[in-house]
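These notes concern the structure reproduced below.
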There are 2 protein chains.
Amino acid sequence: MSANSRLTIAAHVLTWMAMDQESGRVATSDRIAESVQTNPVVIRRYLGELRAAGLVEARRGAGAGWRLTREPAEVTLLDVYRAVEDGPLFAMHATPPNLGCPVGSGIRPALGEVYAGVEERLRAQLAATTIADLLNDIRGSKNG
Amino acid sequence: MSANSRLTIAAHVLTWMAMDQESGRVATSDRIAESVQTNPVVIRRYLGELRAAGLVEARRGAGAGWRLTREPAEVTLLDVYRAVEDGPLFAMHATPPNLGCPVGSGIRPALGEVYAGVEERLRAQLAATTIADLLNDIRGSKNG
DNA sequence: GCTGTCGTAACCAGATCGGTTACGACAAGG
DNA sequence: CCTTGTCGTAACCGATCTGGTTACGACAGC
């Protein structure tokens, strides 16, 4: 699989913000980029998508930065997934198959049913974990 | 998501072979390519991966072609998935995060647990559908 | 106005994937 | 033995995706 780290990065960003918001400091793309170890512009691109999904908001001007719009316990990985991934998990043929062939015409609906079930389960599982869960997990393994 | 059609194509190929083997003709990459509507070399590449997984075998020389090595009812989509997809569904950071940061060091194991659970369910669901199921589905919707 | 940050465009590099051409390897059949 | 048809695979191209980087205008607080 073309391994996709977008969900990982986005979850990292939000978890970092959830932890950082207790410090009273302002979350900027520069500080987040230090934790992810990448370029601030990359972080701003992710934050832009998260903002479009309503998960974060930005303040501009001097002393600008980012803020979570919801409690970390109310943001699930499914919300994050929806924010940064658009297409389906498994795609159909890039160019249509031969519809004159029984398999060519029938394989897409047949696989479509399977894929729909798989994705539904996947989403349900992602919805079962929140940013707060991740934060607790991180703190728990650190203390214990 | 970088929509991946590899599982779709591989399942198409195997389902086509399952249907075609009843005709008594020889399955060649050229004939399969007609149904998928792509280049025969592309099909041979897929068949090469499926052969490495033990799902098909090839005969060379004149009158050469491909054959399924198992009954279609004994080949699941999980077998196909394993044959043509290698990496994990969700990847971790391409370049490691800042391990000096609690989130940077803790996010990977925390997400790793979630991802492992998701993949396990995904595999279980793919294992529940066989090539024979797809073929029956195709024939059923055609007749009904 | 000065300053710091966002917002975004632009370009590059690497990886993945399908599409295509080409050519050697192989085995059946005449 | 040689012709034939297919496999097996390398090589190259182009499209797409993603991250990395530079650059610069927009914005708001001081």
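Reminder, nothing fancy here: chain letters follow the sequence lines and each chain counts from 1. Just so it is clear, the model here is predicted, and its values are computed rather than measured.
Separating the CD atom of B:E85 from the P atom of C:dT16 is a distance of 12 Å, rounded to the nearest angstrom. Per the geometry, CZ belonging to A:R31 stands 11 Å off P belonging to C:dC6, to the nearest Å. The separation between B:H93 atom NE2 and D:dT18 atom C1' is 15 Å, rounded to whole Å. Look at CG on A:L7: it is 15 Å from C1' on D:dT18, rounded to the nearest Å. Atom CD1 in A:I32 sits about 12 Å away from atom P in C:dG7, given to the nearest Å. Put simply, CG on B:D30 is 17 Å from P on D:dT4, counting in whole angstrom units. Taking atom CE of A:M92 as the reference point, atom P of C:dG18 lies 15 Å away to the nearest angstrom. Distance, A:N4 CG to D:dT16 C1': 13 Å, rounded to whole Å.
Phosphate contact (OP1/OP2 of C:dC6, side-chain N/O of A:S29, threshold under 4.0 Å): present. Contact annotation: B:R51 side-chain N/O to D:dT9 OP1/OP2 distance is under 4.0 Å.
You'll find a donor-acceptor pair under 3.5 Å spanning the side chain of B:R60 and the base of D:dC7, going by distance alone.
Between B:F90 and A:Y81, the ring-plane angle classifies as perpendicular under the 30° and 60° cut-offs.
Looking at B:L126 and B:V80, their side chains never come closer than 4.5 Å, going by heavy atoms from C-beta outward. Proximity of B:V75 to B:L68: side-chain heavy atoms (C-beta onward) are nowhere separated by under 4.5 Å. In this structure, the side chains of B:M17 and B:L55 stay at 4.5 Å or more apart for every pair of heavy atoms. Put simply, the side chain of A:P88 does not reach to within 4.5 Å of the side chain of A:Y115, judged on heavy atoms. Side-chain contact between A:C101 and B:M19 is absent, with no heavy atoms from C-beta onward closer than 4.5 Å.
The list of salt bridge (Lys or Arg N to Asp or Glu O under 4.0 Å) pairs with a residue in residues 94-121 of chain A, not counting sequence neighbours, reads A:E119-A:R123.
Checked against D:dT6, C:dG18, C:dT5, the side chain of B:R6 finds its nearest nucleotide in C:dG18.
Residue-environment remark: CZ (B:R70) exceeds the threshold of 12 foreign heavy atoms within 6.0 Å.
Remark: B:V41, B:R44, B:R45 in residues 37-50 of chain B come within less than 4.0 Å of DNA chain D through at least one heavy atom.
There is no path of hydrophobic side-chain contacts, each under 4.5 Å, that joins A:W16 to A:V26.
Nearest-nucleotide positions on DNA chain D place B:A27 closer to the 5' end than the other of B:A27 and B:A94.
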In dot-bracket form, how is DNA chain C paired, counting a Watson-Crick or G-U wobble pair only if both its distances are under 3.5 Å and using | for bases paired to another strand? ||||||||||||||||||||||||||||||

